[in-house]
Amino acid sequence: MKSPELPSAGRADVRIVAASPEAARQVADVLRRHFAATEQRSYPVDDSCGTRLHLTIDTTHIPEPPQPWLVSSRSSGDARTQTDEI
């Protein structure tokens, strides 16, 4: 048996096998929130309607955690009255 080709350093190939395409997409979405990823590729598993989803993630570029809405909605410090304010 031939050894599989390894991904380049800092990358990981992920294979998701699920009973439905929606379940596979949900798992891929979680991975994308934590890692940069390539476009997913999906294939039918067999006659059972299952889905196999492949994507490659970049483990060297982890996105910053999302900020709570209160922090992200803080004023820019510009105290001027906006044109639509009275």
Side-chain angles (χ1 to χ4, degrees):
M1 180 177 192
K2 184 180 174 186
S3 296
E5 186 177 321
L6 293 175
S8 59
R11 303 219 179 244
D13 284 336
V14 178
R15 308 289 190 251
I16 302 165
V17 179
S20 73
E22 184 57 30
R25 276 193 292 273
Q26 288 175 349
V27 173
D29 287 344
V30 170
L31 287 170
R32 274 196 215 89
R33 278 187 235 131
H34 296 283
F35 302 99
T38 61
E39 187 66 29
Q40 65 193 31
R41 301 161 314 275
S42 61
Y43 310 92
V45 172
D46 54 26
D47 295 334
S48 67
C49 298
T51 297
R52 181 178 323 143
L53 192 140
H54 297 183
L55 67 150
T56 302
I57 60 172
D58 181 352
T59 62
T60 63
H61 293 93
I62 299 172
E64 293 183 21
Q67 295 182 341
W69 70 269
L70 187 57
V71 173
S72 63
S73 66
R74 285 198 175 135
S75 171
S76 63
D78 188 1
R80 295 180 303 163
T81 301
Q82 300 297 315
T83 57
D84 62 341
E85 293 178 344
I86 298 178

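Quick caveat: nothing in here was measured; it's all calculated off a predicted structure.
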Report all side-chain donor-acceptor pairs from residues 17-31 shorter than 3.5 Å, counting only partners two or more places apart or in another chain.
unit_1	atom_1	unit_2	atom_2	d
S20	OG	A23	N	3.1
E22	OE1	R25	NH2	3.3
D29	OD1	R32	NH1	2.9

Query raised in the report: Taking only residues two or more places apart in sequence or in another chain, which ones pass side chain to side chain donor-acceptor pair (under 3.5 Å) with T51?
Result: none
Query raised in the report: Excluding sequence neighbours, so at least two apart, what forms side chain to side chain donor-acceptor pair (under 3.5 Å) with T60?
Result: D58
**Report entry** Check: T59 side chain, G10 main-chain N or O, donor-acceptor pair, under 3.5 Å
**Finding:** yes
Query raised in the report: Quick one: does T38's side chain have a donor or acceptor within less than 3.5 Å of a partner on T56's backbone?
Result: yes
Query raised in the report: To the nearest 0.5 Å, how far apart are CZ in R15 and CZ in R41?
Result: 6.5 Å
Query raised in the report: By the rule that ILVMFWY residues connect when side-chain heavy atoms come within less than 4.5 angstrom, directly or transitively, which residues belong alongside Y43?
Result: none
